[in-house]
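Because the structure is predicted, anything quoted here is derived from the model rather than measured.
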Amino acid sequence: MKKVSIQDVNSYAAPGHFNMTAFRLQGKDETGIQTFWVGKSFFLPGGGAEWAYAENSPNEKVYYILKGEMTVKGKDETFHLQKGDSLYMGPNEGREMINEGRAVCEVLVIIQYPPA
């Protein structure tokens, strides 16, 4: 077992994201997990992520909303997520996202490492 406290991790710049701060809590480098990593992201109002991950991401992903709200747009559908909602994205699914609310949105992010 290995405990990781948020105050002990460093933030990182997530490509294509804006007005947000991301932390990797669990993963290969942090705790030795080999199949997935877990992060926590804080999106300011108006913050989000540009369209990404369409054909070049074989990873499965889950977003779980801890606080606030987030709008996630896929190729053919849009989801308005609130506290307690989660969203699964399969391999090669694209998305863009925006915090259209007035409060910070906190998102737990779980992403599979690319298959070997």
With side-chain contact (heavy atoms from CB on, under 4.5 Å) as the test, pick out the partner of Phe36 among Val62, Asn59, Ile110. Ile110
Using the rule that Ile, Leu, Val, Met, Phe, Trp and Tyr join whenever any side-chain heavy atoms are under 4.5 Å apart, tell me whether Val38 and Tyr63 fall into a single cluster. no
Just so I know, are the side chains of Leu25 and Glu30 near enough to count as touching, which here means a heavy-atom distance under 4.5 Å? no
Would you say the side chain of Ile6 lies within less than 4.5 Å of the side chain of Lys40, judging by non-hydrogen atoms? yes
Quick one: are Glu100 and Glu69 in side-chain contact, heavy atoms under 4.5 Å? no
Distance under 6.0 Å and angle within 45° of the ring axis: does Lys28 meet both against Tyr113? yes
Same cluster or not: Ile65 versus Val72, using hydrophobic residues (I, L, V, M, F, W, Y) connected whenever any side-chain heavy atoms lie under 4.5 Å apart? yes
Do Phe23 and Met20 belong together in a cluster built from hydrophobic side chains that touch within less than 4.5 Å? no
What are the two closest non-hydrogen atoms of Val109 and Ser41, and how far apart are they? CG2-OG, 3.9 Å
Are the side chain of Glu77 and the backbone N or O of Gly74 linked by a donor-acceptor pair below 3.5 Å? no
Between Met70 and Asn99, what is the shortest heavy-atom contact and its length? SD-N, 3.5 Å
Looking only at heavy atoms, the pair that brings Ser11 and Thr21 closest together is CB-CG2, 3.6 Å
Does the structure place the NZ or CZ of Arg24 under 6.0 Å from the centre of the six-membered ring of Trp37, at an angle of no more than 45° from the ring's axis? yes
Can you get from Met97 to Leu87 by hopping between Ile, Leu, Val, Met, Phe, Trp and Tyr side chains that sit under 4.5 Å apart? yes
Check step by step if side chain to side chain contact (heavy atoms under 4.5 Å, CB included) holds for Glu96 and Lys73. CA-CA 5 Å; Glu96 66 181 321; Lys73 297 178 183 179; 3.7 Å; yes
Within the 4.5 Å heavy-atom criterion, are Val107 and Leu66 side-chain neighbours or not? no
In terms of heavy-atom contacts, Lys75 and Trp51 come closest through N-CH2, 3.7 Å
Validation row: Glu60, Pro91 side chains within 4.5 angstrom (heavy atoms): yes
Compare every heavy atom of Glu50 with every heavy atom of Arg95, then report the nearest pair and how far apart it is. NH1-O, 3.1 Å
Applying the 4.5 Å side-chain criterion to the ILVMFWY set and letting contacts propagate, would Tyr64 and Phe79 be lumped into a single cluster? no
